Amino acid sequence: MTELTHIRSASVPSAAARIDLLPVLIFALFAAAPFLAPASGAEGYVLSLLTRVMIFGIAAMSLDLILGYGALVSFGHAAFFGIGAYSVGILASHGIEDALIQVPVALAASALFAAVTGAISLRTKGVYFIMITLAFAQMLYFLASSLAAYGGDDGLTLPSRSLVAGLSLLKNDFGLYGVTLACLLGVYILLRSVVNSRFGRVLRGTKENVTRMEAIGFQPFSFQLMAYVISGMIAGLAGCLLANQAEFVSPAFMTWQRSGELIFMVVLGGLGSLHGAIIGAAAYLLMEEFLPEILHAAGFFLNDEFRWRLTENWQMVFGPLLILTVLFARGGITGLLRRGHHG
Amino acid sequence: MTATFFAIQALNGLQFGLILFLIAAGLTLVFGVMDFINLAHGVQYMVGAYLVAAFSAWTGSFGWGLLLALPTALAFGLLLEVLIFRHLYDRSHLDQVLATFGVILFLNQAVKFVWGAAPLSVPVPEILSGSVEIMDGLLYPVYRIAIIAAGLLVAALLYVLVSHTRVGMLVRAGATNAAMVSALGVNIRRLFMIVFGFGAMLAGFAGAMVAPILSVQPGMGDNILILAFVVIVIGGIGSIRGAFLAALLIGLVDTLGRSFAPNLLRLVLDPSAASQTGRAIAPMLIYIFMAAVLFFRPSGLFPAKR
């Protein structure tokens, strides 16, 4: 038995080294995309789709910090999307259009919301934690829906994208793409150093066994709360970017379905691997984007009306795919890749 | 005038609370017995509403529609259990949340596929139409009274079932300590199927009952599901009594909050600010209430003893 584990662990480093190429590959692809996009003939569309992928990648990574490394199932993470997006929207509608003001406000608001709700939520465990994070997100959702001054249910169209230090860097899609890519890389590096630090090791320890962490002298609560605040702030940043990408802000950014999607992205990519969260976000959004067309193509033998209805209701196929993924693809996409390396 | 208005709102709150209870009862037992988070419980409410709409249109009578819808809702719940849910009991809560989330996406779209996206309306049954005067100057629709009566009746029936029958005893024991009940030789999976089917039928019944007063549309189960979760979390997971009291509390807080928050705020704010803040705060009230309850009692008001 010990011999077997020894052999297993001996083969791990090479696999791990190969896995580490994956984030490099991902960032290389994102960096190359703007230069390849013109070849597709639909440059604007490709850029905006990939920008969305990166924005959700940032949010999914932030969720992965607490979900994958801390085993805290937050079912209200979309709330931070909303805080970030509304910070941009509300400030812009009062004429404050510079990201150098908007983003710090969004981060501060996210941190405050995370600190207050996290301190309350972390008193509970398991399902109660899932539900209370959901409840706080619902609170914000209803608050946003009733903000008649900022569009209420209908949302708020931004007068224009944010300026950066007075420059209209984000005005064209290239600029926004570049800034989003920089944020994605920055967040990845930041989170990577967080999870590898002493703080991150304690956090992972709380995931394995809270009592043991207490016994060796750590206070799990303060570590979990800190992780929750960091995670909330990063998701808030993603919200700022999303508002700029859509040039629109609405309560729909923070429905509980959206929080569910974020969890799904993290699980799809593989829990506890930051680049996995990016892959999960990409897989989810690309599936969402292309499933209708795939269905349309696959339904060539159906009569027109039925085919159209199938394409229109693509979520009928998407839902079962989701269920099958959960049932059969344990460890997510990065898990599959890792297993593939083992042979 | 205000007293009448208050009475009407209180009755509406009671009616809403009872509907919530019908949904939450199944949810809390399923969770208590199998430790299974079923987000798809809300779609069973929607399915109940659609079934009653379809069967009433087909038979031309709401009564027959309801009679046919209930066993169909039961069968549908059992089908979901066999096809999907039983593969998830041993999984983490996270997997359960995701897979049942997939079921929601599928079924919301499936009803759109079958019945179209436009809301359906179900006529109020002839004998239950109209209003009665229940006190001086207070007219209240008969159908809503019927919902209240049916809700109370089902609650009483459930109480008798759970606290005075053998199956009920096993369910209570299962909600408290499933492993122990299983060790005593009870087939916990079969017990669970019974609970699950019954819970699905109750949710379907709730959907069928409100079909004539709400519009039947895709996604109608989503928000009520969240409320049902709020109810079972406040009540203490696995506790029927807790779910009942919490459902009534939530029903009243929500309904009364929406009608009176602006008026109450008017005492301290100027009218336009009061009505604006009131409308903003009202839908948040129950979530604030839930956070407060969990802050002081992290496992709900009546936690099943573990």
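Throughout, protein chains are lettered first and strands after them, A, B, ... in sequence-line order, and every chain is numbered starting at 1. Here the structure is a predicted model, which means the values were calculated and not measured.
Heavy-atom distances place no part of V230(B) under 4.5 Å from chain A, backbone and side chain included. When heavy atoms are compared at a cutoff of 4.5 Å, N108(B) does not approach chain A at all. For F318(A), the part sitting under 4.5 Å from any heavy atom of chain B is the side chain, from C-beta outward, and nothing else. Of the two parts of L67(A), only the side chain, counted from C-beta on, holds a non-hydrogen atom closer than 4.5 Å to a non-hydrogen atom of chain B. Looking at H87(B), the atoms closer than 4.5 Å to chain A (heavy atoms on both sides) sit in the backbone and in the side chain alike. Looking at I130(A), the atoms closer than 4.5 Å to chain B (heavy atoms on both sides) all sit in the side chain, from C-beta outward. Contact of F136(A) with chain B is made through the side chain alone, with heavy-atom distances under 4.5 Å. Neither the backbone nor the side chain of L324(A) comes within contact range of chain B; no heavy atom of the residue lies under 4.5 Å from a heavy atom of that chain. Only the side chain of I104(B) comes within contact range of chain A, judged by heavy atoms closer than 4.5 Å. Neither the backbone nor the side chain of I286(B) comes within less than 4.5 Å of any heavy atom in chain A. Neither the backbone nor the side chain of L107(B) comes within less than 4.5 Å of any heavy atom of chain A. Of the two parts of L143(A), the backbone and the side chain both hold a non-hydrogen atom closer than 4.5 Å to a non-hydrogen atom of chain B.
Between D222(B) and T255(A), every side-chain heavy-atom pair lies at or beyond the 4.5 Å cut-off. Inter-residue side-chain proximity for F75(A) and I37(B) is flagged as unmet; no heavy-atom pair is nearer than 4.5 Å. Contact of the L225(B) side chain with the W256(A) side chain is registered, since non-hydrogen atoms from C-beta on lie closer than 4.5 Å. Taking the side chain as every heavy atom from C-beta outward, I263(A) and L98(B) approach each other to under 4.5 Å. Using a 4.5 Å heavy-atom threshold, the side chains of V233(B) and I132(A) count as separate.
With chain B as partner, the option from F264(A), F142(A), Y141(A) having the largest number of non-hydrogen pairs under 4.5 angstrom is F142(A). Chain A forms more heavy-atom pairs under 4.5 Å with one residue of G300(B), A99(B), A282(B) than with any other, namely A99(B).
Using a distance-only test at 3.5 Å, with no hydrogens or angles considered, a donor-acceptor pair links the side chain of Y128(A) to the main chain of S299(B).
Separating the CZ atom in F85(B) from the CD1 atom in I323(A) is a distance of 8.0 Å, to the nearest 0.5 Å.
Of all heavy-atom pairs between M131(A) and M290(B), the closest is O-CE, 3.4 Å.
In summary, of the residues considered (L105(B), T100(B), V103(B)), a side chain to side chain contact (heavy atoms under 4.5 Å, CB included) with L322(A) occurs for L105(B) alone.
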Practice item. Quick one: do L294(B) and I120(A) satisfy side chain to side chain contact (heavy atoms under 4.5 Å, CB included)? Show the steps, please. Key: CA-CA 8 Å; L294(B) 288 188; I120(A) 298 175; 5.9 Å; no
Exercise for review: Test side chain to side chain contact (heavy atoms under 4.5 Å, CB included) on I288(B) and M139(A) and set out the steps.
Suggested key: CA-CA 8 Å; I288(B) 297 171; M139(A) 257 160 66; 4.0 Å; yes
Point to revise | Audit row: V73(A), H93(B), side chain to side chain contact (heavy atoms under 4.5 Å, CB included) steps and yes/no | key: CA-CA 9 Å; V73(A) 185; H93(B) 286 154; 5.9 Å; no
Practice item. Report the C-alpha separation of L327(A) and L88(B) in whole Å, then their side-chain angles, then the decisive distance to 0.1 Å, and conclude whether the side chain to side chain contact (heavy atoms under 4.5 Å, CB included) test is met. Key: CA-CA 8 Å; L327(A) 286 179; L88(B) 293 166; 3.7 Å; yes
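In this structure, Q219(A) places its CD atom where only 12 or fewer heavy-atom neighbours from other residues, nucleotides or ligands lie under 6.0 Å away.
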